[in-house]
Amino acid sequence: NVIIIKAFMRVLFVYTDIDVKGGARSYHFGIGILSSVLKTSGHQTELHYMFNDWDPEGFMAHIDRFNPDVLAYTSDSSQVRHVAKLIKKAKPKGLFQIMGGTHASLYPKCLEKIEGLNAICLGESEISFLELINTLAAGGNHKSIPGVWCKEEDGTVTENAPGCFQQDLDAIPFGDRKIFDYQVVIESDYNRMTMMMSRGCPYDCNYCGSPAMGKLSEGKYVRFRSIQNGIDEIKRVLENYKVKSIFFADDVFTIDRKYVKNFCKVYKKEIDIPFEVTTRVESSNYDTFMHLSDAGCTRVAMGIESGSEELRRKALNRKMTNKKIIQSFDDARKAGLKTKSYNIVGFPYETREMHMETVALNQMINPDSIVCYIFNPYPGTALFDISLKEGFLSQGFMDDDFISRTDTPLSMPQFPRKDILNCYRNFAYNVYKVTSIKKAIIYKAYYSRFGEGLIRLLDPVKKPIQRLAMGA
């Protein structure tokens with residue numbers, strides 16, 4: 001039993017980015033906002049950000065230095081093996097340990113399995129986590145808070161009712177970027193800051209965790225900040241950090257076209273620095289792209305995922321046609337925007353022939369830059385369940401080390417692992433080898449098995465290489 005009676009709590013957030021492809025540091029919106037929420041209520045926070053290299057000794061030294069009451073971890077499924085080791089290592093300290101993020105939210109069984117973990121937060125946690133910390137400080141009963149599951153000493157789990165989505169996003173304080181040493185984060189990502197104007201996604205893709213996250217709490221899932229609230233946060237960041245451009249990390253920036261039109265007017269007047277967005281072909285048109293371009297948008301990224309209409313429709317629950325994809329990329333280009341395509345290889349039921357349709361479609365649209373991942377089955381998604389049902393994925397998969405998006409845990413007779421890896425490593429090269437052999441060779445090196453080593457070796461000259469690869 002945890003009994004703490006203090007005027008304020010000391011919370012050490014813990015975030016791992018181990019072996020992340022690309023070399024850029026991250027700003028985690030959830031941690032930044034939760035830190036601000038706690039500080040606004042009088043609590044103290046610090047962040048232990050374990051980037052790239054595994055360093056448990058540095059983690060333990062930070063605990064000794066800060067002397068926290070609570071260790072608060074966040075993790076997705078690709079990082080949870082690292083987080084679980086840290087939780088076990090910190091257990092002898094006797095601190096209250098809690099985990100949030102997509103893994104805990106979509107695979108809450110991890111609470112039973114991870115030694116030393118006391119609780120998990122499910123879904124968005126501004127309300128539930130603050131209530132938990134306040135309750136712990138007062139020595140109250142923390143085991144009945146909505147949105148928080150707790151583990152007893154005997155291993156049994158108390159599964160509380162879901163929490164509620166915060167409907168008024170303007171009521172949430174701006175994220176605490178200082179704890180991330182945010183200027184270093186910016187400089188690692190080509191002097192670019194990240195920003196969000198909305199939460200939630202209205203689409204229901206079978207491979208994505210967002211639909212499942214939308215069912216974890218009560219209330220409307222897709223919500224928007226007021227335009228001025230977002231603009232004010234951007235101004236605050238620009239006042240404190242050196243920034244050359246902005247990436248809006250919203251799931252789909254153009255869900256509400258009227259909102260986008262009004263945003264662009266205000267942004268051009270009050271901010272007016274280059275920015276990029278991610279959107280979908282279904283929620284975009286030429287007029288929207290023109291508004292973005294006029295406001296200073298330089299690039300739009302859109303997901304293709306697969307060039308096979310059959311696979312998209314039957315397995316991915318993405319019903320747009322190739323004709324619509326081609327039209328959207330063409331509209332963006334006509335509006336003066338550069339384009340980026342997102343692609344995935346190794347889906348359940350996919351074949352090599354289907355993957356070559358993805359190559360062919362990208363050759364047709366000729367995006368300025370490309371991203372390719374290998375499909376990973378995230379718990380809580382429809383394709384995770386399908387992968388188990390079809391025998392593509394072992395039943396003990398979640399107990400093993402979770403492979404990142406550069407390898408596949410699936411075993412499919414029609415698309416063996418060696419073929420998936422070959423397609424992944426050669427995808428961008430095959431797309432660009434006709435139109436730009438220089439770009440094709442750069443991507444070939446980047447996606448090779450030696451790509452990460454090359455990235456670190458070439459770090460001093462990475463900006464000119466990136467400009468060529470990104471079509472700048």
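FYI, the numbering just counts along the sequence from 1. When reading the values below, keep in mind they use all heavy atoms of this one structure, side chains included, and skip hydrogens, waters and symmetry mates.
Side chains of E309 and E357 form no contact here, defined as non-hydrogen atoms less than 4.5 Å apart. The shortest side-chain heavy-atom distance between I273 and L238 falls under the 4.5 Å cut-off. Inter-residue side-chain proximity for P409 and F375 is flagged as unmet; no heavy-atom pair is nearer than 4.5 Å. Looking at heavy atoms from C-beta onward, V83 lies out of side-chain contact with T74 at the 4.5 angstrom threshold.
Cation-pi geometry between R280 and Y203 is satisfied (NZ or CZ under 6.0 Å from the ring centre, within 45° of the ring normal). Remark: R177 is positioned above the aromatic ring of Y27, its terminal NZ or CZ atom under 6.0 angstrom from the ring centre and at most 45 degrees off the axis. Both cation-pi conditions hold for R223 and F165: the charged atom is under 6.0 angstrom from the six-membered ring centre and inside a 45 degree cone around its axis.
At a threshold of 4.0 Å, the pair R25-D189 does not count as salt-bridged, since none of the basic side-chain nitrogens sits closer than that to a carboxylate oxygen. Of the charged side-chain nitrogens involved, at least one lies within less than 4.0 Å of a carboxylate oxygen, so that D294 and K268 count as a salt-bridged pair. In summary, R192 and E276 engage in a salt bridge, as defined by a charged side-chain N under 4.0 Å from a carboxylate O. In summary, K334 and D331 do not engage in a salt bridge, as defined by a charged side-chain N under 4.0 Å from a carboxylate O. Between K235 and E270 there is a salt bridge, since a side-chain N of the basic residue sits under 4.0 Å from a carboxylate O of the acidic one.
Not less than 6.0 angstrom separates the ring centroid of F415 from the ring centroid of Y349. With ring centers used as reference points, F427 lies 6.0 Å or more from Y432. The ring of Y182 has its center closer than 6.0 angstrom to the ring center of Y241.
N206 places a side-chain N or O within 3.5 Å of a backbone atom of A315 that can act as its donor or acceptor partner. Looking at D250, its side chain does come within 3.5 Å of a backbone N or O of S198 through a donor-acceptor pair. Distance alone, capped at 3.5 Å, places no donor-acceptor pair between the H291 side chain and the C264 backbone. Between the side chain of E350 and the backbone N or O of F347, at least one donor-acceptor pair lies under 3.5 Å. Looking at N317, its side chain never comes within 3.5 Å of a backbone N or O of C205 through a donor-acceptor pair. E131 places no side-chain N or O within donor-acceptor distance of the main-chain N or O of E126, the cut-off being under 3.5 Å. Y443 contributes a side-chain N or O that, together with a main-chain N or O of I370, makes up a donor-acceptor pair within less than 3.5 Å. A donor-acceptor contact shorter than 3.5 Å links the side chain of S448 to the backbone of A445. Not one N or O on the side chain of S284 forms a donor-acceptor pair closer than 3.5 Å with the backbone of V281. Without hydrogens or angle criteria, S306 side chain to S308 main chain gives a donor-acceptor distance under 3.5 Å.
Between the CZ atom in R333 and the OG atom in S328 there is a gap of 11.5 Å [rounded to 0.5 Å]. Within the model, atoms CG of L410 and OG of S387 stand 5.0 Å from one another, a figure rounded to the nearest 0.5 Å. L38 contributes atom CG, which lies 10.0 Å from atom CG of D176 (distance to the nearest 0.5 angstrom). Atom CZ of residue F13 and atom OH of residue Y49 lie 15.5 Å apart, to the nearest 0.5 angstrom. Note that OG1 of T358 is 6.5 Å distant from CG of N343, once rounded to the nearest 0.5 Å. In this structure, CG in L361 is found 12.5 Å from CE in M356, a value given to the nearest 0.5 Å.
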Would L106 and L122 satisfy side-chain contact (heavy atoms from CB on, under 4.5 Å), going step by step from the backbone distance to the final call? CA-CA 8 Å; L106 300 181; L122 281 73; over 6 Å; no
Begin from the C-alpha positions of E187 and K242 and carry the test salt bridge (charged side-chain N to carboxylate O under 4.0 Å, His left out) through to its verdict. CA-CA 9 Å; E187 292 171 1; K242 297 177 181 178; over 6 Å; no
For Y15 and S75: C-alpha separation, side-chain torsions, deciding distance, then whether side-chain hydrogen bond (donor to acceptor under 3.5 Å, both in side chains) applies. CA-CA 7 Å; Y15 180 43; S75 182; over 6 Å; no
Apply side-chain hydrogen bond (donor to acceptor under 3.5 Å, both in side chains) to the pair D419 and H355, showing each step before the final yes or no. CA-CA 10 Å; D419 288 350; H355 171 73; over 6 Å; no
Stepwise, does the side-chain hydrogen bond (donor to acceptor under 3.5 Å, both in side chains) test hold for S26 with D17? CA-CA 8 Å; S26 300; D17 254 344; 2.8 Å; yes
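Between Y73 and Q97, the shortest heavy-atom contact is OH-OE1, 2.5 Å. When all heavy atoms of V243 and M193 are compared, the pair lying nearest together is CG1-CG, 3.7 Å. Closest non-hydrogen pair, V148 versus C121, comes out as CG2-SG, 3.9 Å. Here the closest heavy-atom approach between residue G303 and residue R318 is recorded as O-NH2, 2.9 Å. Nearest approach of I172 to R199, heavy atoms of both residues: CD1-NH2, 3.6 Å. Of all non-hydrogen atoms in R225 and M196, the two that sit nearest each other are NH1-O, 2.9 Å.
A side chain to side chain donor-acceptor pair (under 3.5 Å) with S283 is found for one member of T288, T254, D256 and no other, namely T254.
Using cut-offs of 30° and 60° for the angle between ring planes, the H82 and W54 rings count as tilted. Using bins of under 30°, 30° to 60° and over 60° for the plane-to-plane angle, the ring pair F253/F275 lands in the tilted bin. Taking the six-membered ring for Trp and thresholds of 30 and 60 degrees, F224 and Y259 have ring planes inclined between 30 and 60 degrees apart.
In the model, R312 has a side-chain atom that pairs as donor or acceptor with a side-chain atom of N322 under 3.5 Å.
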